[in-house]
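Notes to accompany the following structure.
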Amino acid sequence: MKNVFTKHKLMIGLVCLLIGFMVATLFNTNKQPDSRDTRDTWEIRTALQEEQKVQQNLYQEIAEAEKTLIEYQEQTEHQQIISLKESIQELREKAGLTEIVGKGMIITIEPIFLNEELQEYPSINAELLQLFINELNASGANEIAIGNQRIINISPIRDVNGKVYVNNSSIGNLPTDIHIITKDIEKFRDYIEVSEINDYFALENVTISIREQEKVVLPKYDGAINLQEVHVGDIPEVGES
Amino acid sequence: MLLPALFLLIGLLLGFMTNLSIPEEYSNYLSIAVLAALDTLFGGIRAQLDSKFDQQVFISGFFFNVSLAALLAFLGVQLGIDLYLAAIFAFGVRLFQNLAIIRRLLLDKYYLFKKTKKNNDISTKIN
Amino acid sequence: MIEQELADGPNELKDLVDTKITLQKLTGELPISGEGITLTLKDASYIPSKDHANQYIVHDRHIHQTVNELFSAGAKAIAINGQRIYRNSYISCIGPVVSVDGTAYPAPFVVSAIGDQDILDVSLNLKNGVIDMLVQDNIEVTIEKKSKIEMHAKDM
C-alpha cells in the first residue's frame, strides 16, 4: 500500500515538475525581449553612435569600391580605345588607306614607237589594264598602285573619253608606273615575263619594263569610304549609325 | 497533497535556473501546451477533491492534451487559421469551470469541517 | 560582338567602333549584306555552227568590265558566284568555269553588287555601256534588283 502510494505521488510529482519547467521556460522565453530594451537613453545613444560609425565605414567602403570600379572601367575603356585604334590602324593598312613601303617592283608601261610618223601616240585601255591587274594579282601581288592611285577593294578601272580612269581619276598618258609590293619577287617576275599579257601590250604598241626595288612606296587611297548602305551580316542595325 | 506542490516548485526553480528559452516562433506552441498542462493540473486537483482522482486519466490527459494543443496550434499556423484560439478558448473555459468547482468544493469542505467542528464542540459540551 | 555593345558607350569609343566596323566591312572581315543588283552572264544558248564558238561565251574581260563598271557606279562590294572579290582577287574563265582566287564556279556567272540599285542599274544600261557590250558579244544578260544580297566574310 505504501509502495503504491509513493509511486502514485511520484508520478503526479513528475507531471507537476514538467508543468513547472514548462511554465518557467515560457516565462523565460517571453521575458527575453523585454530585457533587450532595458537600456537607458545614454546607452541607446552610445549604441546608435556605434551603429552610425559602422554605417559610415560601410559608406566609405562602398565609395572606395565604386572608385575602383570607375577606375577599372575607365582603364579598360582606355585600353579598349587603344586596342581599337590599333586594330583600326591594322585594318586601314589592310584596306589600303595608308601609305605603305615594302619590297617589290615598279613596272613601267611605255609606248614603243615603230614608225613615228604613221603611228598614233600609243595608249592602253581599261580592259587591258584590268587584265594586267588581274594578271598581277594572279602572280601574287600584295599591293598595287597605278600611277598615284592605290588599288583597293572597290577601285574601278575604266575608260572615260578615251582615257583610263583609276579610282575615278585619270592616270594620264603613257608611260605609267605601276608600283607593286610582293613577297616573292623572283616568282612574280617569271610569271609576268611569260604571261600572254605581253602580247596584248605589244598589240597596242606598248611594252612593260620591270625594275626590282628594295623599297617601293605605295600611296594611300585618298577617296572617301562610304559603306552606310552595307550592313553587317545578319545584324541589320549596325550599319545604320 | 504537499508532494505535487513541492515538485511544481522544484520544476519552476529548475526552469528559471537553467534559464532555458526556446525560439520565438515556437513560444506559441509552448504557451498552448502550458495552458493545457494547467488545465490538466486543475482538473486533477478537482478530481482529487471529488475523490475520484485516477492517476491514469491524469497522466494520459496531461500528455494527450499538451500534445494535442501543440498540434492544433501547429496545424493552425500551417493552414493560416488561428486554431490556437480554439484551444485557448476550450482550455480557458475548462480551466475556469474547474477553478469554480474547486472553489465550491473547497467551500463545501470548509462548511463541512466547520459543522463537524461545531458538532464536536456541542458533543464535547454535552459530554 | 563586344564592339557592338561598346558602340552604345561614349562618343569617342562609338566613333572608333564605327570606323572599325566600316573598315571591317571594307576589308571583308565581317559578313555583309545590303540591297543591290545581280547580273547573270550566260553563254549564248544558240551558237550558229558556222561561227566560232569562242565568240559566244563569257570571257574574263566581260566579268572584269562588269565589275569595274559596277565599282565606278559606286558598288560597295561585289561577289562573283557568291565569292566576294577584293583588290588582289584574280578572275579567270576557263571554258565553262570561272575561277575566283583559285576557286572554280560553274556557269552561269552571277555578279552581285551591293550598292544603290538605281545608280547601278542606270550605269550598266548606258548606251554603249556594259550591257550593250555584253549583248554585242552574244552574251545573255539578266539584271535583277535584290533587296538583300549577302556576302560572307573573308576566310582568315
Side-chain angles (χ1 to χ4, degrees), chain A residues 73 77-78 80-85 87-97 126-131 133-144 150-160 165-168 221 225-239 241, chain C residues 1-4 6-7 9-10 12-14 16-36 60-61 63-65 67-78 84-92 99 101-102 114-116 130 148 150-153:
Chain A
Q73 275 174 340
E77 202 171 277
H78 191 62
Q80 279 164 357
I81 287 174
I82 288 172
S83 65
L84 262 176
K85 277 180 177 163
S87 61
I88 285 172
Q89 190 56 32
E90 241 170 68
L91 283 165
R92 285 172 67 86
E93 277 169 27
K94 254 188 214 171
L97 304 180
E127 199 182 311
L128 193 56
L129 196 57
Q130 285 161 17
L131 204 64
I133 298 299
N134 197 57
E135 209 63 20
L136 292 174
N137 282 334
S139 20
N142 292 100
E143 304 287 341
I144 299 171
R150 180 78 171 272
I151 301 293
I152 65 161
N153 282 346
I154 55 168
S155 292
I157 301 167
R158 59 169 190 160
D159 288 316
V160 179
Y165 275 65
V166 177
N167 288 344
N168 297 327
Y221 176 83
I225 303 277
N226 184 1
L227 295 176
Q228 275 182 12
E229 304 101 282
V230 184
H231 306 305
V232 175
D234 292 313
I235 311 142
E237 276 78 26
V238 172
S241 51
Chain C
M1 270 253 346
I2 186 126
E3 279 88 2
Q4 277 162 18
L6 288 171
E12 191 190 0
L13 210 56
K14 191 181 185 305
L16 286 172
V17 170
D18 283 348
T19 312
K20 186 179 176 183
I21 289 172
T22 305
L23 286 167
Q24 280 177 319
K25 286 191 284 195
L26 179 66
T27 56
E29 283 189 10
L30 289 174
I32 53 170
S33 68
E35 60 153 49
D60 317 18
R61 67 166 195 281
I63 294 174
H64 288 150
Q65 268 166 346
V67 167
N68 279 291
E69 185 57 43
L70 286 168
F71 273 139
S72 64
K76 310 294 183 190
I78 293 175
R84 193 170 164 194
I85 58 164
Y86 302 98
R87 65 174 185 283
N88 53 1
S89 296
Y90 56 95
I91 304 155
S92 53
S99 155
D101 290 336
I114 296 176
D116 189 301
V130 173
K148 193 179 185 191
E150 288 184 346
M151 292 184 195
H152 300 295

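Letters go in sequence order (proteins before strands), and every chain restarts at 1.
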Nearest-0.5 Å distance that lies between atom [atom1] in [X] and atom [atom2] in [Y]:
X: C:Arg87; Y: A:Ile133; atom1: CZ; atom2: CD1; value: 12.0 Å
X: A:Ile152; Y: C:Phe71; atom1: CD1; atom2: CZ; value: 8.5 Å
X: C:Leu23; Y: A:Glu93; atom1: CG; atom2: CD; value: 11.5 Å
X: C:Asn88; Y: A:Asn153; atom1: CG; atom2: CG; value: 7.5 Å
X: A:Ile88; Y: C:Ile21; atom1: CD1; atom2: CD1; value: 9.5 Å

(request) Quick one: list whatever passes side-chain contact (heavy atoms from CB on, under 4.5 Å) with C:Ala77, sequence neighbours left out. (result)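 For C:Ala77, the residues satisfying side-chain contact (heavy atoms from CB on, under 4.5 Å) (neighbours in sequence not counted) are C:Ile32, C:Arg84, C:Met151.
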(message) Could you work out, with side-chain contact (heavy atoms from CB on, under 4.5 Å) as the rule, every residue matching C:Glu35, not counting sequence neighbours?
(response)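 With sequence neighbours excluded, C:Glu35 shows a side-chain contact (heavy atoms from CB on, under 4.5 Å) to C:Gln117, given in chain and number order.
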(message) Any heavy-atom pair between the side chains of A:Asn134 and C:Ile91 that's under 4.5 Å?
(response)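 Yes, their side chains come closer than 4.5 Å.
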(request) Among the options A:Ile157, A:Asn142, A:Leu131, A:Leu97, pick out the one with the most heavy-atom pairs lying under 4.5 Å from chain C. (result)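 If we count pairs closer than 4.5 Å to chain C, A:Ile157 comes out on top.
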(request) Quick one: which of C:Ile114, C:Val67, C:Thr22, C:Leu70 has the most heavy-atom pairs under 4.5 Å with chain A, could you say? (result)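 Greatest number of close heavy-atom pairs with chain A: C:Thr22.
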(request) Name the region of A:Ile144, side chain, backbone, both or neither, that has any atom closer than 4.5 Å to a heavy atom of chain C. (result)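 Neither part, no heavy atoms under 4.5 Å.
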(request) Indicate the atoms forming the closest heavy-atom contact of C:His64 with A:Gln130, along with that distance. (result)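 Scanning both residues, the minimum pair turns out to be CB-OE1, 3.2 Å.
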